[in-house]
Amino acid sequence: MRAEDLFEILIRQHADMLNAFIHSVAFDRSTVDDVFQETIITAWKRIDEFDTKRPFGPWLRGIARNHILSSARKNRRYRAHLDELLQQRIDLQFGKVDQATGETFAERLTELRNCIARLNKDAREAVDLVYVRGLDSETAAKSLGTTDETFRKRLYRARLTLAECLRSKAIFASAVPVATGNQQ
Amino acid sequence: MTDFNPKNPSEQDPFARGGEQLPSSGSQDDSADGMTVHGLLSLLQPGEAVRVQERVDRAISTIRLKNRRFKLHVRRRIAWISGSVGIAAAIVFALLFVPSQSDSQAFAALESIRSSARQGVRTYSVRMEMEIPAMNRLRDATPIRLQPQSRTGGLVTGPGGRWVLTIFGVGPLRPLQDLLDHLDGVNRRPPHNKGAFGFDGTTYWVVEPSGMIRTATSMRELHPPMIWEALDTATSSAQPDEEAEPLTLESMLDRLDRGYDVSFDHSAGTEKISGRPLTIVSAKRKTLGQRPHGPTSVQIVADAQSFEVIRAQWEWTDSHVDGRRTPEGKPAVQGKLGLFNKPAIKRVFIELAQHVDEHGEPSPKTLSIFEPATYAEALLKSLGKSPQ
């Protein structure tokens, strides 16, 4: 089997993870597209530097993180909410998800689905409308007869609740190994 | 879900997390964890699985294209260096392997078939069959055997060397993709995916499954990512740095000029189609050299008077040696071509306002090409009415 084929296998095995990681910090879908593409091409160019004794996922996320930060430097609003420490924390959590039970990344998200099922009605409805049915927040807010701002707050709280649920199930890390000096 | 507006993401991006839109309470860790959850949830979005695969396909295609260009450059350099040796070898080769009288007549018939194929508009159905070798499951190394794969489509040839090849039901036609789908238990391909590519007399073009159109001045530069992959895989054991040829009638006929033993095939006896006598030409790839290339065998059935191709079949059997699979387990690919319902599609042209060139840049050039969607619909109807 050629190196290209092996590389493609690795990329396809990690594609969902990489996609989710970039989505975590990217501002819009075009940024996701660009960073995803650049990450894979850079990984291929630097494949000789990859230490095969180490897992591929963190190495791939490291490349993606550099491209994300590079993209953030060009966008003031983006830069404002995305700093190095934030990214380290996100990377840490993806590393934890990598260790969850399941062969594929989708299988490792079983607990996330369980957590969604445990959300209260309002939060579950918000998650369902945006992430499962694919509505934008404005349309989702109208369908619930509420304002966009209220809906966004509801969605934000739902994400925090899900994060707490994942921490309680040890899918997310609760302790903070990075020295942010900003812990609660 | 509507696409985002990059110019104003906070309005349309349902996932926008700009500080001015969202509550700023909570620690930085909460924010990071919330963003991580958002990333994970994005995988649940409708169509996201398909988008992920398209992103991977684009990136891998780009890598393969760049690698091929590099290899082509290296090959050209090597060819230049070894040119003088090659010329001497070619002279010896020509002296030793002058075609027999019978072969000459078969070659003449082949030339007539080739000439006929360049005239008029003809529509063919295409079927590809692919056998996927047994492989080991990743999780526990147990062997799995995948069902043979097949793809159908249509080929239209026209004057001036124009052609359009449309394939239905394809995502990337790759055993690797099928394997991964099988292992994951999911089908990443959109259900009614189709792709089309062709040559309009001056420019080669491809409509990728994503809908993007790319154009190029040579077929090899275009490198359509669909059928190529299957053929490339099928031939890669023999010639890993060689690029696969397009699965079209013209290219198939052209490549029989060298490296093939061409002869008449009398196995069909007095078979006729619609009362017309047939000429059957067979070509078998010579086994000289260590790097065989192209289909192993080709059979062309043509009208004995007009030399119009009625059907053709070509096979790659490199994966089997004495009936056994090679250690590499490369897949076998078989193509079949059958003429049907000739007047079904006479002209389907449209004017495109804008193309995207091979570098992804919009081009103001306007070209006349077959319109793939219209063509596809018409062809599907034809396929339903007139099975070969």
**Student:** When you check the gap from the basic side-chain N to the acidic O, do Asp30(B) and Arg89(A) get nearer than 4.0 Å?
**Tutor:** no
**Student:** Picking from Leu40(B), Leu41(B), Val37(B), Leu43(B), which has the most non-hydrogen pairs under 4.5 angstrom with chain A?
**Tutor:** Leu41(B)
**Student:** Leu112(A) versus chain B, heavy atoms under 4.5 Å apart: side chain, backbone, both or neither?
**Tutor:** side chain
**Student:** Which atoms of Phe21(A) come close to chain B, meaning under 4.5 Å heavy atom to heavy atom: side chain ones, backbone ones, both, or neither?
**Tutor:** neither
**Student:** If you count heavy-atom pairs under 4.5 Å with chain B, which of Thr39(A), Asp33(A), Leu162(A), Ile116(A) comes out on top?
**Tutor:** Asp33(A)
**Student:** Take Asp29(B) and Arg167(A), measure what salt bridge (Lys or Arg N to Asp or Glu O under 4.0 Å) needs, and give me the verdict at the end.
**Tutor:** CA-CA 12 Å; Asp29(B) 287 349; Arg167(A) 282 194 293 267; over 6 Å; no
**Student:** Examine whether an atom of Leu109(A) lies under 4.5 Å from a heavy atom of chain B, and if so say whether it belongs to the side chain, the backbone or both; otherwise answer neither.
**Tutor:** side chain
**Student:** What part of Leu18(A) gets closer than 4.5 Å to chain B, counting heavy atoms only: side chain, backbone, both or neither?
**Tutor:** neither
**Student:** Which one wins on heavy-atom pair count under 4.5 Å against chain B: Ala158(A), Ala15(A), Ala20(A), Ala163(A)?
**Tutor:** Ala20(A)
**Student:** Between Gln37(A) and Arg55(B), what is the shortest heavy-atom contact and its length?
**Tutor:** OE1-O, 4.1 Å
**Student:** Shortest non-hydrogen contact from Leu160(A) to Gly34(B)?
**Tutor:** CD2-CA, 4.3 Å
**Student:** Checking the side chain of Thr36(B) only, and the main-chain atoms of Gln93(A) only, is there a donor and an acceptor separated by less than 3.5 Å?
**Tutor:** no
**Student:** Hey, does Tyr131(A) have a side-chain heavy atom less than 4.5 Å from the side chain of His38(B)?
**Tutor:** yes
**Student:** Step by step, would you call Arg159(A) with Met35(B) a side-chain contact (heavy atoms from CB on, under 4.5 Å)?
**Tutor:** CA-CA 8 Å; Arg159(A) 286 197 292 258; Met35(B) 291 165 73; over 6 Å; no
